Number of protein chains: 2
Amino acid sequence: MVRTMTDTNTAARVRKPRGEYAKTGAKREAILDAALEVFAESGYRAGSLREVAQRVGMSEAGLLHHFRSKSALLQAVLDRRDDLSRALVDFDLPDGVASLRGLVTLAEHNASIPGVIELYCTLSAEATSPDHPAHAYFVQRYEFVRTSIGGAFERIAASGRMSSDLDPHRVAVTTIALMDGLQVQWLLDRDSTDMAAALAEFFRAFVDGFDDVDEAGDTDADGGEEPILGGLS
Amino acid sequence: MVRTMTDTNTAARVRKPRGEYAKTGAKREAILDAALEVFAESGYRAGSLREVAQRVGMSEAGLLHHFRSKSALLQAVLDRRDDLSRALVDFDLPDGVASLRGLVTLAEHNASIPGVIELYCTLSAEATSPDHPAHAYFVQRYEFVRTSIGGAFERIAASGRMSSDLDPHRVAVTTIALMDGLQVQWLLDRDSTDMAAALAEFFRAFVDGFDDVDEAGDTDADGGEEPILGGLS
DNA sequence: GTCTATACATCGATAGAC
DNA sequence: GTCTATCGATGTATAGAC
């Protein structure tokens with residue numbers, strides 16, 4: 001399970017009585033939406049509370065009543081994305097190849113929400129600096145994702161569907177790097193790359209039978225939607 | 001040839017008389033060094049002229065005597081990196097595989113100059129925003145690099161050393177994405193990845209005989225150093 | 001060519017009225 | 001819960017003395 005920056009805050013928030021929470025919660029959500037936009041467009045350091053407050057139709061003081069500081073607001077934005085992700089991600093599928101196909105689906109999905117891509121793309125680069133308020137968050141996040149995708153490749157290797165010359169963990173690092181790097185190019189020029197196609201081409205070269213249709217593993221027969229892995233970056 | 005943002009300025013600078021240029025040129029170089037550091041650590045928007053001036057032991061006004069604005073300083077920093085790169089890069093080698101090996105060497109070299117990696121990593125994400133002063137620079141830069149690496153892969157494909165299923169241009173996009181993404185992870189955690197090894201593993205999977213020693217193509221017999229491709233990102 | 005002084009904008013955050 | 005008012009810090013850039 002991913003450790004977040006504000007487990008304490010989140011717990012306290014959830015413990016609040018429902019009626020009071022519902023009303024003020026709507027405002028909170030609106031603020032978080034606006035904050036995500038602003039941080040995505042300008043990054044954390046260059047993004048201003050003023051801009052967030054303006055977009056949500058509030059004064060800065062009113063905004064700071066809900067979030068006591070700018071960095072607390074950032075943490076809340078990231079925590080909420082994690083909540084969404086946690087509800088959608090399932091990396092512990094027995095079939096590692098299915099997890100990889102999920103990543104391609106994710107890349108497709110991501111192209112429809114450029115704001116979120118911008119957020120993670122900008123923030124992860126910014127948070128490279130050790131004194132950035134989200135530095136620890138991103139270090140832990142990447143660690144977790146590396147482990148998850150590494151596990152998928154381990155199962156693929158164990159089933160003999162990948163060259164034994166390849167280290168599953170290193171291929172996981174490569175996969176994540178590829179997804180991140182594609183996003184930079186895509187944000188700079190939407191026509192420069194089809195992120196999902198590039199990712200699929202990559203998997204096809206490393207994994208035997210990546211394109212094979214799976215009629216056997218029909219665990220999704222309940223008609224539910226494919227799980228979409230969100231906010232990986 | 002790469003088009004830069006300040007061809008005009010560069011031309012004007014070069015035209016200056018040598019004696020005058022030498023003295024003030026030293027100060028310029030010192031400023032550019034400091035500016036690269038600051039922009040690398042904090043990005044363009046959060047990096048301050050104050051910090052640059054302090055590191056170079058000057059007042060802000062003195063600094064602005066050499067560069068009329070903050071964005072002009074950034075352009076000068078990028079232009080200088082391009083000058084260095086242009087002197088080191090040779091992507092028009094007849095042997096495409098040799099160019100790829102050059103990229104691995106570059107990845108090794110880059111690990112020794114984290115400041116430059118930080119600069120491009122932070123700036124390229126920041127410049128994703130259309131109103132960023134370096135936006136056009138990075139769009140053009142990536143276009144150029146895609147074309148260059150795409151050409152190398154085309155020659156490799158033409159010589160039959162790559163699967164004909166792969167589109168050389170798309171593999172070029174993938175290669176660049178991989179290099180960029182590796183840098184993010186590496187900056188967040190230096191132990192998370194060996195950038196050069198990951199890149200080599202990638203090429204090995206796509207290119208036949210990537211590891212083969214080339215005794216035939218001994219064009220480097222003059223004892224000169226391997227050309228190092230600098231500042232690709 | 002470099003400095004001091006300063007103008008002017010923007011920002012995060014607090015205090016206190018309502 | 002939201003506002004106005006305000007503080008203090010920080011930032012870019014200019015004017016003018018030396």
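Keep in mind that this is a model prediction, so the values were computed, not measured. Residue numbering restarts at 1 for every chain, and letters A, B, ... go by the order of the sequence lines. Note: hydrogens, waters and symmetry copies are ignored here, and every other heavy atom, side chains too, is used.
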Which residue, A:Ala46 or A:Ala61, contacts DNA chain C at a nucleotide closer to its 5' end, judged by nearest heavy atom?
->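 Counting from the 5' end, the first nearest nucleotide belongs to A:Ala46.
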Expressed in angstrom and rounded to an integer, what is the separation of [X] atom [atom1] from [N] atom [atom2]?
{"X": "B:Leu63", "N": "C:dG1", "atom1": "CG", "atom2": "C1'", "answer": "13 Å"}
{"X": "A:Glu60", "N": "D:dC3", "atom1": "CD", "atom2": "P", "answer": "11 Å"}
{"X": "B:Phe67", "N": "D:dT14", "atom1": "CZ", "atom2": "C1'", "answer": "19 Å"}
{"X": "B:Met58", "N": "D:dT12", "atom1": "CE", "atom2": "P", "answer": "15 Å"}
{"X": "A:Arg50", "N": "D:dT6", "atom1": "CZ", "atom2": "C1'", "answer": "12 Å"}
{"X": "B:Leu64", "N": "C:dT4", "atom1": "CG", "atom2": "C1'", "answer": "14 Å"}
{"X": "B:Arg28", "N": "C:dG1", "atom1": "CZ", "atom2": "C1'", "answer": "14 Å"}
{"X": "A:Leu74", "N": "C:dG12", "atom1": "CG", "atom2": "C1'", "answer": "15 Å"}

Quick check: does any side chain N or O of [X] sit under 3.5 Å from a backbone N or O of [Y], one acting as donor and the other as acceptor?
{"X": "B:Ser99", "Y": "B:Ala152", "result": "no"}
{"X": "B:Glu126", "Y": "B:Tyr44", "result": "yes"}
{"X": "A:Ser112", "Y": "A:His109", "result": "yes"}

Within a strict 4.5 Å, meaning less than it, do heavy atoms of the A:Ile113 and A:Asn110 side chains meet?
->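 Side chain of A:Ile113 against side chain of A:Asn110, heavy atoms only: contact under 4.5 Å found.
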Quick one: does A:Val104's side chain get under 4.5 Å of A:Phe202's, heavy atoms only?
->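 No; the side chains remain at least 4.5 Å from each other.
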Counting side-chain heavy atoms from C-beta on, which of [options] comes nearest to [X]?
{"X": "A:Ser48", "options": "C:dC3, D:dA13, C:dC11", "value": "C:dC11"}
{"X": "A:His66", "options": "C:dG12, C:dT2, D:dT2", "value": "D:dT2"}
{"X": "B:Lys70", "options": "D:dT12, C:dT4, C:dT14", "value": "D:dT12"}
{"X": "B:Ser69", "options": "D:dC3, D:dA13, C:dA5", "value": "D:dA13"}

Axis deviation across the helix from C:dG1-D:dC18 to C:dC18-D:dG1, five-pair ends, to the nearest 10° |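 For the helix from C:dG1-D:dC18 to C:dC18-D:dG1, the axes at opposite ends meet at about 0°.
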What distance do B:Glu41 atom CD and B:Thr122 atom OG1 have between them, rounded to the nearest 0.5 Å?
->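 Between atom CD of B:Glu41 and atom OG1 of B:Thr122 there are 10.0 Å.
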Hey, could you give me the CZ/CG distance between A:Arg80 and A:Asp82, rounded to the nearest 0.5 Å?
->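 One gets 11.5 Å once the value is rounded to the nearest 0.5 Å.
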Under 4.0 Å between a side-chain N/O of A:His65 and OP1 or OP2 of D:dT2, yes or no?
->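 Answer no for this pair, as no side-chain N or O of A:His65 is under 4.0 Å from OP1 or OP2.
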Distance test, side-chain N/O of B:Ser59 to OP1/OP2 of C:dT2, below 4.0 Å =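 No, outside the criterion.
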Looking across every strand, which nucleic acid part, if any, lies under 4.0 Å from B:Leu49 by heavy atom: base, sugar-phosphate, or nothing?
->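 Sugar-phosphate, no base atom in range.
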